[in-house]
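Just so you know, these numbers use all the heavy atoms, side chains as well, and skip hydrogens, waters and symmetry mates.
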Amino acid sequence: SSYYEKINRTESKRSRENRELTAKIKEIHEASNKIYGAPKIHSVLVNKGYKVSIKRVQRRMREAKIKSVTVKKFRPKASKSQIESRKNILDQDFEASKPNQKWVSDYSDKRVIPMF
């Protein structure tokens, strides 16, 4: 009897909601060029009127194998072979007879500071 019950069983409301939610998540994910993760997809769903938690969105994404593309920040690496030594042209003589005669730069953050 359980065999026939399983064959004739209708889809539950929760599984239907999950299927529709997963389809909506896939649609939002594709529209964002696969960049949006669970927090942004959750906020889009909430703005569209869906009452869903972020945990449920995460679970649906995990079960559908949907992952966002993460872009790592560029962090320059300076090796010892790339560092060039510079000549000390001023040689600690910072006095100038007129403005804009000597300029000094902070190499670490690329600021230029006029020295008078």
Side-chain angles (χ1 to χ4, degrees):
S1 65
S2 60
Y3 170 76
Y4 290 106
E5 182 183 328
K6 186 172 182 175
I7 290 176
N8 297 325
R9 186 181 307 165
T10 60
E11 188 179 21
S12 70
K13 182 180 176 185
R14 184 70 169 189
S15 64
R16 198 171 336 131
E17 286 176 358
N18 283 339
R19 189 172 30 83
E20 291 170 3
L21 184 63
T22 303
K24 195 68 179 169
I25 289 171
K26 284 181 182 179
E27 179 185 317
I28 294 169
H29 187 67
E30 290 293 326
S32 72
N33 292 327
K34 300 182 179 182
I35 293 176
Y36 281 7
K40 284 191 180 180
I41 290 176
H42 173 257
S43 66
V44 170
L45 288 170
V46 168
N47 289 338
K48 288 188 177 187
Y50 287 88
K51 291 187 179 184
V52 62
S53 70
I54 191 166
K55 296 254 185 187
R56 187 172 177 194
V57 173
Q58 290 170 342
R59 198 169 43 250
R60 296 280 98 223
M61 287 179 70
R62 187 173 43 251
E63 288 175 6
K65 294 183 173 74
I66 300 172
K67 292 186 179 180
S68 64
V69 176
T70 55
V71 179
K72 292 186 178 181
K73 289 184 179 179
F74 173 73
R75 297 181 191 258
K77 294 183 180 178
S79 65
K80 292 182 180 178
S81 62
Q82 293 176 343
I83 297 174
E84 299 175 17
S85 61
R86 306 278 184 213
K87 239 185 204 179
N88 188 355
I89 298 170
L90 291 178
D91 198 31
Q92 300 298 325
D93 179 24
F94 298 112
E95 290 185 29
S97 58
K98 55 185 173 181
N100 290 332
Q101 194 175 26
K102 296 180 181 180
W103 287 69
V104 178
S105 172
D106 183 3
Y107 183 74
S108 64
D109 59 359
K110 312 274 189 296
R111 285 187 288 173
V112 177
I113 304 164
M115 294 297 289
F116 301 107

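- The CD1 atom of Ile41 sits 13.0 Å away from the OH atom of Tyr50 when rounded to the nearest 0.5 Å.
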| said: Under the criterion side-chain contact (heavy atoms from CB on, under 4.5 Å), I'd like the reasoning laid out for Lys26 against His29: C-alpha separation, chi angles, the key distance, then a yes or no. | reply: CA-CA 5 Å; Lys26 284 181 182 179; His29 187 67; 5.6 Å; no
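- When all heavy atoms of Val46 and Val52 are compared, the pair lying nearest together is CG2-O, 4.4 Å.
- No donor-acceptor distance shorter than 3.5 angstrom exists from the side chain of Lys34 to the backbone of Lys67, with no hydrogens or angles considered.
- Distance check, rounded to the nearest 0.5 Å: CD of Glu30 to CD of Glu27 gives 10.0 Å.
- Counting heavy atoms from C-beta on, the side chains of Lys48 and Lys24 come closer than 4.5 Å.
- Contact detail for Ala38 and Met61: the closest heavy-atom pair is CA-SD, 3.7 Å.
- Between Ile35 and Thr70, the closest side-chain pair of non-hydrogen atoms is not below 4.5 Å.
- Separating the CD1 atom in Ile28 from the OH atom in Tyr36 is a distance of 9.5 Å, to the nearest 0.5 Å.
- Under the 4.0 Å criterion applied to side-chain N and carboxylate O atoms, Arg60 and Glu20 are not assigned as salt-bridge partners.
- Considering only heavy atoms from C-beta on, Ile54 comes within 4.5 Å of Gln58 through its side chain.
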| request: Could you walk me through whether His42 and Lys55 pass the side-chain contact (heavy atoms from CB on, under 4.5 Å) test, one step at a time? | output: CA-CA 9 Å; His42 173 257; Lys55 296 254 185 187; over 6 Å; no
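- The closest side-chain heavy-atom distance from Asn33 to Val69 is not below 4.5 Å.
- At a cut-off of 3.5 Å, with distance as the only test, a side-chain donor of Ser97 or Gln101 sits close to an acceptor on the other residue.
- Without hydrogens or angle criteria, Thr22 side chain to Asn18 main chain gives a donor-acceptor distance under 3.5 Å.
- Salt bridge present: Glu11 and Arg19 bring a charged side-chain N and a carboxylate O closer than 4.0 Å.
- Between Tyr4 atom OH and Arg9 atom CZ the span is 15.5 Å, to the nearest 0.5 Å.
- In this structure, the separation between NZ on Lys6 and OG on Ser2 is 9.0 Å, given to the nearest 0.5 Å.
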